[in-house]
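First the proteins, then the strands, lettered A, B, ... as listed; each starts at 1.
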Amino acid sequence: MDPTVAELIVKEHKIAYIVTDYGLKVTDTSPNVGLLLQVNAILLLGKPLIEVIPELGGNETVLLDILRGNVPRFDLFWLNRAPDDQQDTYLSLVILPYHQGLERIVGLTVLIQDVTPMGQIHQLLNQHRDELNSLRNQLLNHNAELNRANAELQQLDDVKSTFISVAAHELQTPLSSIAGFIEMLSDEVYGSVNEEQKEALDIVQRSATRLINIIKNLLDVTRIEAGRIELALRPIDLHNLIETVVAEFRPQIESRQQNLTLNFQTNLPFALCDHTRTIQIIGNLLSNAMKYTPNQGVIELKTYLAEQEGFIRFSVIDSGVGISREDQKLLFKRFFRAESANLTGEHGTGLGLYITRSLVELHGGQIWTESELWRGSKFHVTFPVAGRPTSLQEDHARLRKKGRKHLTTF
Amino acid sequence: MTTINKKVCLLGDFAVGKTSLVRRFVYNTFDDKHLSSIGVKVSRKTMQVSQINGLTGLTMMLWDLADSERFDQIESSYIRGTAGVVLVCDLTQARTLFNLQTHLEDLQQTCPEAKVIVAANKADLMSQQEISPADVAEVAAGFNAPYYLTSAKSGHGIEALFRHLARLLVD
Ligand SMILES: Nc1nc2c(ncn2[C@@H]2O[C@H](COP(=O)(O)OP(=O)(O)O)[C@@H](O)[C@H]2O)c(=O)[nH]1
Ligand SMILES: [Mg+2]
């Protein structure tokens, strides 16, 4: 090698060397060794290696192994030599046998390189990585805590659902028999009743019916939340169904002198829905319209093909109390009652629209509202159009799947 | 009086207090900040150990190894020639106690003869302890090693730990 270049390499890369004899005493050094080791280089000759590089103390066995040819080398990377509380300085040491001729080992060669700049970068990287790691561990711990809390809440929620479901079931039977006997009493099966008694019985009967409806709703909510609602989907003539529901409500609508119009699109295709549950959807919406529209108000039921292909839209439009913008956002949530609905003095549990939305979504449809406070409301629902008979099965499967997906997001 | 050099390594998980133990023992200082280390820093501490035939001077070369890397070729080269090892765990983190087994196995591959002692550190953090002295005793007994509850912060147990190790190294 060109000696000038060799000298340059040694200088620029801050490389120094020490050679020792077989007794580990220094016999030769490069001139820059004093600078790298922070010692006086002139005084090194003849000194024990371990005095020159104290870090090698305790490593005598390794050094002897190298002298004897048992170990080829000893590496010490990133030897941090900074005194305590001072900026790190790093040396890299390689200890090799010093050969005379080809075979004979007569001492050690110690190659020393100052690697401080690289070491400091390496240290910084480690510092950042360790800090990130400890942040990550903190996050993991937080996450685990959140998961635990979540599981506890879920368990409480399950307990609550089970309680509601059991309580509602237990209430249902005695209530049905109460309602049955009241009906027989008013029908004078057990003898005649006077006008005053009849009025009292009517009130009891209405209350019993309301209780039964509340219980039905509670049971529906627990079924919805447990994903236990099964739909029997088949092609259905919606107009027919709407008329059935309207007939049921007719007496109450008339007693309120409300003006009900049906606005049906001709040649509307059949919808793919569950008969009982669709009656429930239409019934809930019509009952709300009736309850929250003043006497002599206007209610319109409308059907048409929806903008979205493959769907039929059914709308209930009323001239009732309306719903404020804030309340609209919460309208389809469990137990929510709009402020304006409360003001009417009508009873309600805040479950009807939640159940309605769940049922509509189980069918694969959507429900939404347009309203302004004191300016009436429009409720829109979409039902899927029944496909050709052959694809009915697939539709069914697809819708069931879709319904499930919605269920999980409640 | 004769003086002998012995190489002592501190092994243990990240942030258990290896660097802090050395600093407390050698310089009698403590820092709340955790500084990641790379490679190795060697500190020296000389003590006198009394024996039947008089006092022996012992210089412990304390090797504080970087904690982040897993044991590999490089670390095995650092460990070569180790006469004694302090296995350090953190009383506030249970897993650091269970990981001592791995650190010991790593060491014994290279230095099966090394004397072993266990330091269960951060004893001052009373309210955060995840492991009891009994747990430490059990693990240490499994290694056939003595153990000390230490605090680099207060200095508790550190002198006793290294004195005990010194006797093991001189005998
Ligand atoms: N309270 C307390 N903190 C400690 C103790 N020993 C170390 N620490 C802290 O624990 C962190 C890690 O210590 P360090 O010695 O750098 O750990 P190493 O990675 O094992 O070298 C630092 O923030 C120290 O201040 C101790 O005995 N008590
Ligand atoms: Mg450290």
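Taking every heavy atom of both residues into account, Glu55(A) and Met61(B) meet most closely at CA-CE, 4.0 Å. Closest of all the heavy-atom pairs between Asn126(A) and Ser36(B) is O-OG, 3.6 Å. Looking at every heavy atom in both residues, His34(B) comes nearest to Gln127(A) through O-NE2, 3.1 Å.
Residue Leu124(A) holds its CG atom at 10.0 Å from CD1 of Ile38(B), rounded to the nearest 0.5 Å. If you take CH2 on Trp78(A) and NZ on Lys41(B), they are separated by 16.0 Å, rounding to the nearest 0.5 Å. Atom CH2 of Trp63(B) and atom CG of Leu76(A) lie 4.0 Å apart (nearest 0.5 Å).
Residue with the most contacts toward chain A among Thr59(B), Val40(B), Asp64(B): Val40(B) (heavy-atom pairs, distance under 4.5 Å). The most heavy-atom pairs under 4.5 Å with chain B, out of Gly57(A), Ser134(A), Ser92(A), come from Gly57(A).
Using a 4.5 Å cut-off between heavy atoms, Ile50(A) touches chain B through its side chain atoms alone. If you measure heavy-atom distances from Arg81(A) to chain B, you find no contacts under 4.5 Å at all. Residue Thr29(B) touches chain A through its side chain alone, counting heavy-atom pairs closer than 4.5 Å. With a 4.5 angstrom heavy-atom cutoff, Glu131(A) does not touch chain B via any of its atoms.
The side-chain heavy atoms of Val71(A) and Arg80(B), taken from C-beta on, include a pair separated by under 4.5 Å.
Atom CD of Gln128(B) has more than 12 neighbouring heavy atoms from other residues, nucleotides or ligands inside a 6.0 Å radius. Annotation: Lys45(B), atom NZ; neighbour count of heavy atoms from other residues, nucleotides and ligands within 6.0 Å is above 12. Counting non-hydrogen atoms of other residues, nucleotides and ligands closer than 6.0 Å to NZ of Lys11(A) gives a total of 12 or fewer. Other residues, nucleotides and ligands place no more than 12 heavy atoms under 6.0 Å from the CD atom of Gln155(A). The 12-atom threshold is not exceeded at CD of Glu113(B), counting heavy atoms of other residues, nucleotides or ligands nearer than 6.0 Å. Summarising the local packing, CZ of Phe74(A) is surrounded by more than 12 heavy atoms from other residues, nucleotides or ligands at distances under 6.0 Å. Counting heavy atoms of neighbouring residues, nucleotides and ligands inside a 6.0 Å radius, atom OH of Tyr22(A) exceeds 12 of them. Within a 6.0 Å radius of CD in Glu7(A), other residues, nucleotides and ligands contribute 12 heavy atoms or fewer.
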